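To start, the structure itself, in structure tokens.
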Amino acid sequence: MSPRSLKRLHRTELPVATAALARYLIGKTLVRELPQGRITGRIVETEAYLPGDAACHAFRGLTKRNRSLFLEHGHAYVYFIYGSHFMLNVSSGKEGVGAGVLLRAVEPLDGIEWMRKRRSTTRVPGTMCGPGRLAAVLRVSMKLDGLDLCAKGPLWLGTAVRPVGRIGRSIRIGITKDTHRLLRFYERGNPFVSGAKSMRD
DNA sequence: CGGCTGATGATCT
DNA sequence: GATCATCAGCCGG
């Protein structure tokens with residue numbers, strides 16, 4: 001099920017603006033190359049973190065931790081939080097602009113059996129719903145921070161394998177600043193989207 | 001389903 | 001010392 005038609009997204013086709021990129025990435029493919037094989041998933045939920053947005057990690061300027069957010073759009077920004085989870089983001093904006101898109105949920109496409117072994121849970125459907133679970137299954141860690149997701153490598157963005165459904169929009173999940181902004185995007189009705197039921201319709 | 005809580009460690013004040 | 005873009009487990013309805 002890894003069709004030849006799966007191609008890397010070219011940087012020139014990625015929207016530069018953060019919210020536009022967050023919306024654009026819904027339905028696209030996330031590809032993880034591992035020694036054990038390839039895992040692919042369909043991106044079904046994202047959140048935008050804009051310049052001037054108090055919830056964005058770049059809000060207070062460049063630091064060692066958030067420097068990848070300032071890379072040209074299409075690079076990975078990975079960080080560690082709550083003592084146990086890695087979060088995977090796609091940088092947005094031109095080089096020097098601190099903004100990005102958090103990948104919150106992916107619908108499993110290929111490599112599902114291997115993914116399940118990675119997680120010692122009895123729950124089957126929610127394998128990659130939620131940013132922490134997503135990173136755990138795809139073995140995303142700080143080693144991937146700063147990676148070019150438009151280039152051949154261990155993690156990259158690919159074209160959609162099937163048409164995207166209706167896209168919903170809501171407030172972002174789990175933040176404490178700038179909470180009212182409608183910067184979360186998701187494919188409506190997709191069972192792999194995280195959050196409460198009301199946040200999936 | 002929805003709501004709550006403790007775990008856990010890097011980062012910044 | 002506080003904060004934090006979360007999660008699993010547990011509880012009540």
Side-chain angles (χ1 to χ4, degrees), chain A residues 17-26 30 41 43-71 73 75-93 97-106 108 115-147 149 155 168-186 188-201:
Chain A
T18 309
L21 177 63
R23 191 185 183 291
Y24 174 85
L25 287 176
I26 302 292
L30 183 62
I43 298 169
V44 294
E45 182 184 357
T46 62
E47 279 176 1
Y49 290 86
L50 314 184
D53 171 4
C56 180
H57 286 182
F59 186 62
R60 292 169 191 279
L62 181 96
T63 67
K64 194 170 194 173
R65 177 209 201 194
N66 69 20
R67 69 198 188 307
S68 296
L69 274 181
F70 292 82
L71 295 173
H73 64 302
H75 287 77
Y77 165 52
V78 181
Y79 66 92
F80 185 66
I81 196 168
Y82 293 120
S84 43
H85 307 289
F86 294 101
M87 306 280 117
L88 173 61
N89 300 251
V90 181
S91 70
S92 70
V97 174
V101 174
L102 172 69
L103 302 187
R104 287 196 58 93
V106 169
M115 284 188 244
R116 290 196 183 139
K117 288 179 194 163
R118 168 69 181 166
R119 285 181 51 72
S120 56
T121 178
T122 52
R123 297 206 317 168
V124 176
T127 333
M128 290 202 281
C129 102
R133 297 182 188 112
L134 184 158
V137 171
L138 296 183
R139 309 203 71 165
V140 170
S141 70
M142 298 311 294
K143 281 188 279 192
L144 298 180
D145 185 38
L147 189 75
L149 300 176
L155 182 68
R169 192 166 179 166
S170 79
I171 58 169
R172 295 172 289 184
I173 295 177
I175 58 171
T176 58
K177 296 168 230 163
D178 260 331
T179 55
H180 63 288
R181 307 176 82 165
L182 299 177
L183 292 173
R184 170 176 174 267
F185 299 86
Y186 58 98
R188 281 193 171 156
N190 189 300
F192 297 98
V193 172
S194 76
K197 188 184 174 188
S198 61
M199 295 290 272
R200 287 184 265 133
D201 297 323

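So you know, we letter chains A, B, ... as the sequences are listed, proteins then strands, and number each from 1. As the structure is a computational prediction, the values presented were derived from the model and not from experiment.
The two atoms that bring A48(A) and A19(A) nearest to each other are CB-CA, 3.9 Å, heavy atoms only. What you find for L69(A) and C56(A) is that their closest heavy atoms are CD1-SG, 4.2 Å. Here the shortest heavy-atom pairing between A76(A) and D145(A) reads O-OD1, 3.5 Å. For the pair V44(A) and V106(A), the tightest heavy-atom approach, listed with the atom from each and the gap, is CG2-N, 4.1 Å. A pairwise comparison of heavy atoms in A135(A) and F86(A) identifies CB-O, 3.1 Å as the closest pair.
Among the atoms of the strands shown, none is found under 4.0 Å from any heavy atom of K64(A). If you check every strand for non-hydrogen atoms under 4.0 Å, R200(A) touches sugar and phosphate atoms only.
Shown here are the side chain to side chain donor-acceptor pair (under 3.5 Å) partners of R23(A), two or more places apart in sequence or in another chain: there are none. Every side-chain contact (heavy atoms from CB on, under 4.5 Å) that A20(A) has, sequence neighbours left out, goes to P15(A), A17(A). Judged as a side chain to side chain donor-acceptor pair (under 3.5 Å), and not counting sequence neighbours, the contacts of T18(A) are S92(A). The side-chain contact (heavy atoms from CB on, under 4.5 Å) check on T179(A) picks up I175(A), with sequence neighbours excluded. Contacts of F70(A) classified as ring-ring contact (aromatic ring centres under 6.0 Å, His included), with partners at least two apart in sequence or in another chain: none.
Taking atom CG of residue N66(A) and atom P of nucleotide dC4(C), one finds them 15 Å apart after rounding to whole Å. Between I171(A) atom CD1 and dA5(C) atom C1' there is a gap of 13 Å when expressed in whole angstrom units. If you take CG of N89(A) and C1' of dT6(C), they are 14 Å apart, rounded to a whole angstrom. One atom, CD of E45(A), and another, C1' of dT6(C), lie 13 Å apart when rounded to the nearest Å.
Of the residues in residues 51-61 of chain A, those placing a heavy atom less than 4.0 Å from an atom of DNA chain C are A55(A), H57(A), in numerical order. Interface residues of residues 75-86 of chain A facing DNA chain C, ordered by number: Y79(A), I81(A), Y82(A), H85(A); criterion, heavy-atom separation under 4.0 Å. Taken residue by residue, residues 178-185 of chain A places no heavy atom nearer than 4.0 Å to DNA chain B.
The side chain to side chain donor-acceptor pair (under 3.5 Å) analysis of residues 76-85 of chain A, with sequence neighbours excluded, yields the pairs H57(A)-Y77(A). Each side chain to side chain donor-acceptor pair (under 3.5 Å) pair with one or both residues in residues 188-201 of chain A, not counting sequence neighbours, appears once here: E45(A)-S194(A), R104(A)-S194(A), E107(A)-N190(A), E187(A)-N190(A).
Remark: DNA chain B forms stems of 3 or more consecutive Watson-Crick or G-U wobble pairs, all pair distances under 3.5 Å, at B:1-7 with C:6-12, B:9-12 with C:1-4.
Contact footprint of chain A on DNA chain B: nucleotides with an atom under 4.0 Å from a non-hydrogen protein atom, first to last in 5' to 3' order, dC1(B) to dC12(B).
Side-chain contact between I171(A) and L182(A): present, with at least one pair of heavy atoms (C-beta onward) separated by less than 4.5 Å. With a 4.5 Å cut-off on side-chain heavy atoms, M199(A) and Y186(A) do not count as touching. Put simply, the side chain of R172(A) reaches to within 4.5 Å of the side chain of D178(A), judged on heavy atoms.
Here the side chain of D53(A) pairs no donor or acceptor atom with the backbone of F59(A) at under 3.5 angstrom.
For the pair T176(A) and dC4(C), the criterion of a side-chain N or O lying under 4.0 Å from OP1 or OP2 is met.
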